[in-house]
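Just the heavy atoms: all of them, side chains too, but no hydrogens, waters or symmetry mates, feed the values below.
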Amino acid sequence: MDLSKDLISNFEVIVNKQQYNYDKSNKNIWQNRMPLWFSKIIKNDEINWDVLQNFRSYGLLLSETPKKSKNLFIHYLRKLIREPGEKKYCMENLQKLISIGYDNIFNDYDFSIVGNPDYFTQGSIKYNERWLRHVRTCELFKKHITKDKGFKFNVLDIGGGYSQFACMLKKTVSINKIATVDYMEQLFFSYYFIKKNFPNAKINSLKEILETEIIDEKFIQKYDFLLIPIECFKNIKSGLFNVICNFSSLGEMPREAFNGYKNSSIFKKAKYLFTINRLDSWPTYKNSLTILDYDLNNYDSIHNMISPLWDYYYISYTNLYIKKNMFRSRNFEFIGKLKI
């Protein structure tokens, strides 16, 4: 089966779920965003292939910095007005990583142009904010978790979006299996992104995973990458994934969803936890979550610090006026090993 047929099959599964009613009373912003944004890929009840090929350019489902616009007039207007601030923000994050010794490793991480993202360049390096973020996460994984020699890593990335982290990690670190847990709309783009980066990779379809009662060792051995919709999370066999990763999204969830993941046996029995999240989700998110809710004392700390990135950002009104702003909450980085 070729990629287009795979995508059509996954597309039909999502459309048949009829998840396209925007509900203002729903406090879960991501549940509202998914159908609203995914509808932009639908044209005459079919896949709009142009939008799919440019999904990162158009900022579907996950925003990218710098941003593009489908409208050429707005695109060039953005470059004139907003891009100076975005460039300063991304360049500062690049310089921060260089200052802590990353200057020799950037070429280890290909900047994927799948989805036609915008980016900046410095010498031979192509970069944007999201790519820099995952250079950092992959390096932390490599430095702290892969020290466990002879350990077979099955990695579960909760809220992994279109699987950029999964792809970058797979290319640079020796792992066994990696799974992305997210909304089916995100996983549709994830399938496309993975296949474009790893054409020969075996990936489960949405139909296969929805029809699987128990996601166990036998099931995951069939695939190189796993795509697991959030409604199938409960079907994962406890202890199957020994590394739980989450970057940002736990702190963005309603408390009920946050507790559902954190208190699950899947989460509790994993040997390693690797998370980067806000110290305090308020006031951006009204879920009252703070670092204290993550129960980090259940782990022996391996890496625990305030992230060197994401402290300030810039709003520009052309090159003549760039305003520096502080993020409302800093991010903490934590890697821990489950206490025995």
Side-chain angles (χ1 to χ4, degrees), residues 93 96-97 99-102 105 129-148 151 153-161 163-166 168-169 172-173 175 178-182 233 236 238-239 241-255 257-282 284-285 287-312 326-340:
N93 280 329
K96 287 171 189 173
L97 292 180
S99 72
I100 58 176
Y102 281 31
I105 60 93
E129 186 271 342
R130 193 166 289 277
W131 180 81
L132 290 171
R133 180 187 306 187
H134 288 308
V135 168
R136 174 69 174 168
T137 55
C138 289
E139 281 298 298
L140 288 175
F141 192 107
K142 186 190 299 183
K143 180 179 179 180
H144 297 292
I145 298 179
T146 57
K147 284 183 177 179
D148 200 337
F151 191 66
F153 298 107
N154 289 337
V155 182
L156 188 70
D157 184 15
I158 297 173
S163 294
Q164 184 181 29
F165 169 70
M168 289 175 68
L169 188 70
T172 54
V173 178
I175 57 174
I178 186 160
T180 300
V181 175
D182 217 309
F233 179 80
I236 300 172
S238 178
F241 290 96
N242 42 40
V243 183
I244 299 287
C245 294
N246 176 264
F247 310 116
S248 299
S249 62
L250 277 174
E252 299 169 355
M253 298 176 185
R255 181 173 285 274
F258 174 89
N259 288 334
Y261 285 114
K262 188 196 70 172
N263 296 328
S264 67
S265 60
I266 301 158
F267 201 103
K268 285 184 172 182
K269 289 190 177 181
K271 186 174 182 180
Y272 292 97
L273 171 65
F274 178 14
T275 187
I276 300 176
N277 267 285
R278 293 169 179 81
L279 290 166
D280 190 342
S281 294
W282 185 89
T284 306
Y285 299 94
N287 50 24
S288 302
L289 292 171
T290 75
I291 187 175
L292 300 177
D293 292 295
Y294 290 79
D295 293 338
L296 301 183
N297 59 327
N298 293 334
Y299 301 86
D300 291 319
S301 176
I302 299 172
H303 171 83
N304 191 3
M305 66 177 287
I306 301 299
S307 174
L309 308 180
W310 314 297
D311 47 3
Y312 296 98
M326 182 181 289
F327 280 105
R328 290 178 170 181
S329 178
R330 293 296 303 275
N331 283 289
F332 68 92
E333 300 174 341
F334 180 82
I335 299 175
K337 186 176 181 179
L338 189 66
K339 290 180 178 177
I340 299 174

inquiry  = Looking at Glu139 and Lys142, is there a salt bridge between them, counting it only when a charged N and a carboxylate O are closer than 4.0 Å?
reply    = yes
query = Would you say the side chain of Tyr299 lies within less than 4.5 Å of the side chain of Ile335, judging by non-hydrogen atoms?
reply = no
request  = May I ask you to test the Leu169-Asp157 pair for a side-chain heavy-atom distance under 4.5 Å?
outcome  = no
ask   = Where is the tightest heavy-atom contact between Pro308 and Arg136, given as atom of each residue plus distance?
value = CD-NH2, 3.6 Å
query = Counting N and O atoms only, with roles assigned by atom type, does the side chain of Asn287 sit under 3.5 Å from a partner on the main chain of Arg255, one being a donor and the other an acceptor?
reply = no
remark   = Those residues at least two apart in sequence (or on a different chain) that pass side-chain hydrogen bond (donor to acceptor under 3.5 Å, both in side chains) with Lys269 are none
key: Salt-bridge contact Lys96-Asp311 (side-chain N to carboxylate O under 4.0 Å)   = yes
inquiry  = Give me the atom names and distance for the closest heavy-atom approach of Cys138 to Thr172.
reply    = CB-OG1, 4.4 Å
ask   = Roughly how far, to the nearest 0.5 Å, is the OH atom of Tyr272 from the CG atom of Leu338?
value = 10.5 Å
message = Can you confirm whether more than 12 heavy atoms, excluding those of Phe327, are under 6.0 Å from its CZ atom?
response = yes
ask   = If you measure from OG on Ser281 to CG on Leu289, what distance do you get to the nearest 0.5 Å?
value = 5.0 Å
ask   = Taking the side chain as C-beta and beyond, is there a heavy-atom pair between Phe141 and Val155 under 4.5 Å?
value = yes
ask   = Which is it for Lys271 and Asp148 under the salt bridge (Lys or Arg N to Asp or Glu O under 4.0 Å) test, yes or no, and what are the steps along the way?
value = CA-CA 11 Å; Lys271 186 174 182 180; Asp148 200 337; 2.8 Å; yes
query = What heavy-atom pair brings Arg330 and Leu309 nearest, and what distance separates the two atoms?
reply = NH2-O, 3.8 Å
request  = Taking all heavy atoms of Lys339 and all of Asn297, pick out the closest pair and write down the distance.
outcome  = NZ-O, 2.9 Å
query = Aromatic ring centroids of Phe258 and Tyr294 under 6.0 Å?
reply = yes
remark   = d(Phe334 CZ, Ile302 CD1) to nearest 0.5 Å is 8.0 Å
request  = Kindly give the heavy-atom pair with the smallest separation between Phe332 and Leu279, and that separation in Å.
outcome  = CB-CD2, 3.9 Å
ask   = Which value, rounded to the nearest 0.5 Å, describes the distance between Phe241 atom CZ and Ile236 atom CD1?
value = 5.5 Å
message = For a side chain to side chain contact (heavy atoms under 4.5 Å, CB included) check, start with the C-alpha distance between Lys268 and Asn263, then their side-chain angles and the critical distance, and finish with the verdict.
response = CA-CA 7 Å; Lys268 285 184 172 182; Asn263 296 328; 4.3 Å; yes
task = Nearest 0.5 Å please: distance from the CD atom of Gln164 over to the OG1 atom of Thr180.
result = 11.5 Å
ask   = Hey, what do you get for OH (Tyr261) to CE (Met253), rounding to the nearest 0.5 Å?
value = 5.0 Å
Side chain Lys262, main chain Asp293, donor-acceptor under 3.5 Å = yes
Check: Phe165 and Arg133 side chains under 4.5 Å, non-hydrogen atoms = no
query = For Trp310 and Glu129, does a side-chain donor sit closer than 3.5 Å to a side-chain acceptor?
reply = yes
request  = Output, in order, the C-alpha distance, side-chain angles, deciding distance and verdict of side chain to side chain contact (heavy atoms under 4.5 Å, CB included) for Phe151 and Asn242.
outcome  = CA-CA 10 Å; Phe151 191 66; Asn242 42 40; 3.5 Å; yes
task = Check whether any side-chain heavy atom of Leu273 lies under 4.5 Å from a side-chain heavy atom of Phe267, and answer yes or no.
result = yes
remark   = Note: Val243 and Ala270 closest approach over all heavy atoms is N-CB, 4.4 Å
inquiry  = Do Phe233 and Ile158 make a side-chain contact, defined as non-hydrogen atoms from C-beta onward lying under 4.5 Å apart?
reply    = yes
Residues His144, Phe274; criterion side chain to side chain contact (heavy atoms under 4.5 Å, CB included); working and verdict = CA-CA 10 Å; His144 297 292; Phe274 178 14; over 6 Å; no
ask   = What residue among Asp280, Thr290, Asn277, Ile291 forms side chain to side chain contact (heavy atoms under 4.5 Å, CB included) with Ser329?
value = Asp280
